[in-house]
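Reviewing the structure listed below.
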Amino acid sequence: MGYFWDSLVQAVKLLIAFDPEVIEVLLLSLKIAGVSTLLASIIGAPLGFILATKEFVGRKTITSILNTLLGMPTVVAGLIAYGLLSRRGIFGALGLLFTWKAIVVGQFIVVMPVIAALVLNAVRELDASYRLTALSLGASRWQAAALVLLESRYAIIGAIIAGFGRVVGEVGASMMLGGNIRGATRTLTTAISLETSKGEFAFALALGLILMLVFFVINSSVNYLRER
Amino acid sequence: MMYTCTGLTKAFGSKRVLDIPHLELPLGKTTMIMGPNGAGKSTLLRILAMLDLDYQGTLQIGDQKVARSSEVAQQFYRRSAFIWQRPVMFNMSVAANVGLGLRLRGVDSATIKERVDKALERLGITELAQANAKRLSGGEMQKVSIARALVVEPEFLFIDEPSSNLDVDSIDLMHRLILEEKAAGKTIFLITHNFAEGQSLADYAVFLNRGSVVAAGPLSELAANRSLQESAIWRYL
C-alpha cells in the first residue's frame, strides 16, 4: 500500500509541476481523439439519424452491422486499419502507418459505429411521438425531420461526447497503429502501458489520474446534456 | 354533409383491431367515441385524423373521396388540430410551442404573437408564456396543447380523452372552450370514458366494442335506446 501511496504523491507532484512530457502526451491524446471523433461524427451522426427516422431497404441490415461493430475489440479495429495502411495495403502509399494519423484511422473505425448507434437509439426514442406531433401541427416531412433533429440535439451532442470518451481511453488500436513513439504517437493509454512495464509506476499513475479526470469531465458533460 | 368510412379495417399482424363496414359521422357537429379499453377508439380517431394511413377501406369527407396518401394527409393536417391524452411538448418556451402550428403554416411573426397571446389568455396561462414547456406539470402541458390546437383555428378538432390530467376547474374551462368551438361550427371528434361529459358536449355518438361499432347515431336517440342500455356496453358508460 505504501508503494501505491508514494507513487500517488509523486504522480500528484508531476501534475502540479505541469511536467512537460505529461502535458505533451495529454495534448496529443486529446488531438487524436478529437480528430477521430470529429470525422466519425460527420458520418456517424447523420447515419444514426437517417436510420432512426427513415424507412428504406437495407435499414435493418445496416443497423445489425452497426450493432455488431459496437462490440468489436479495439485491437481488431487496429488490425483492420493496419491492413489498410501497411505498405502492402490499399492506402500503404500514403505512408501513414506509425503516425498519429494512423491512430485516427483506427479510432475512427472504433468510434463511428458507437456514435451512429447512440444517435440512432436516442433519436428513435423521440422520433415516433415528436414526428407525429410535428406532422399533426402542419409540418411538412422536412419540417418534421428538422423539429425531431432540433429536439434530439442534446442527445446527439451527448452521443458524440460519449464517443470521444470511448476513443480517448482506447489502447489496442493506438498501440498497433502508432507504435508508441515518444513525442509522435505516444498517447495517454499507450504511455500508461509502457511506463508501467518500465517500472515507472508514478508516471503511469499521473497519466492514469489525468485520464480519469478526462472521463469525469466527459461523464459530467453527458449527464448535463441528458438533463436538458 | 358526412364523414363516411366504408369497409374500414385495421389489423396489427393477424389481429384485427377495427372492422367497420359502414359509418357516417356528421360534419360540423361534435361526435363522441366511447367504448371499453381495447375497443379501437384511438385507432379510429387516428384513422379519421389521417395520422394512421395503414388501414383498408375508404374515407370520404362530404362528397370528396380521401386518397390514402401522405400528401393528402399533410394537407388535411393544415385544416385540423389534435389534443392528445399525453401531449408532447417541444423543448422550447410555452409561447413557441403554442405558436408552432402557425409558424409551420408560414404565418408572420406579428400575427403569431397576437394570436398566441390571445390563446394563452383564453386558457389562463399567460404567466407561463416564457416557461420551458417540457418543465410544466401534466395539467399545464394539457392546457398548452389545447391552446396549441385552438390557435390554428382548425376546421376539424380531434381530442383524445380531454379531461385526463386536468383538475375540476380546468375541465370546466376546457368544456367551455369545446362548446365555443362547437358553436363556431367546427367538426369535433372526441374520445371520452365519461358519458356525462360526452353528453354535455356531443351531438352524436359512436359506441365501439372489440373493433366493431355497437351503436352510432344522434346522442338523444342512443340515450333513449333500450336495447343499447340493456347491452353489456352500457356498463362502461
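Chain A is the first sequence line, chain B the second, and so forth, proteins listed ahead of strands; every chain is numbered from 1. The basis for the numbers below is simple: all heavy atoms, side chains too, and nothing from hydrogens, waters or symmetry mates.
Neither the backbone nor the side chain of B:Met50 comes within contact range of chain A, judged by heavy atoms closer than 4.5 Å. When heavy atoms are compared at a cutoff of 4.5 Å, B:Gln75 does not approach chain A at all. Heavy atoms of B:Arg135 lying under 4.5 Å from chain A belong exclusively to its side chain. Within the 4.5 angstrom heavy-atom criterion, atoms from both the backbone and the side chain of B:Val88 approach chain A. Both the backbone and the side chain of B:Phe90 come within less than 4.5 Å of a heavy atom of chain A. If you measure heavy-atom distances from B:Ser70 to chain A, the contacts under 4.5 Å come from the side chain alone.
For A:Phe18, the CZ atom counts as loosely surrounded, since its 6.0 Å shell holds 12 or fewer non-hydrogen atoms of other residues, nucleotides or ligands. Remark: B:Arg105 CZ is packed, more than 12 non-hydrogen atoms of other residues, nucleotides or ligands lying under 6.0 Å away. Counting non-hydrogen atoms of other residues, nucleotides and ligands closer than 6.0 Å to CE of B:Met2 gives a total above 12. In this structure, B:Lys182 places its NZ atom where more than 12 heavy-atom neighbours from other residues, nucleotides or ligands lie under 6.0 Å away. With a 6.0 Å radius and a threshold of 12 heavy atoms from other residues, nucleotides or ligands, B:Gln60 has its CD atom above the threshold. A 6.0 Å sphere centred on CZ of B:Arg68 holds more than 12 heavy atoms belonging to other residues, nucleotides or ligands. The 12-atom threshold is exceeded at CD of B:Glu180, counting heavy atoms of other residues, nucleotides or ligands nearer than 6.0 Å. For B:Lys10, the NZ atom sits in a packed shell: over 12 heavy atoms of surrounding residues, nucleotides or ligands are nearer than 6.0 Å.
Residues of residues 131-170 of chain A having a heavy atom under 4.5 Å from any heavy atom of chain B, listed by number: A:Leu132, A:Thr133, A:Ala134, A:Leu135, A:Ser136, A:Leu137, A:Gly138, A:Ala139, A:Ser140, A:Arg141, A:Gln143, A:Leu147, A:Leu150, A:Glu151, A:Arg153, A:Tyr154.
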Enumerate, atom names and distances included, each donor-acceptor pair closer than 3.5 Å involving a side-chain atom of residues 64-81 of chain A, sequence neighbours excluded.
| from | atom 1 | to | atom 2 | distance (Å) |
| --- | --- | --- | --- | --- |
| A:Ser64 | OG | A:Lys60 | O | 3.0 |
| A:Asn67 | ND2 | A:Thr63 | O | 3.3 |
| A:Thr68 | OG1 | A:Ser64 | O | 2.7 |

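Taking each heavy atom of A:Tyr130 and B:Met89 in turn, the nearest pair found is OH-O, 3.0 Å.
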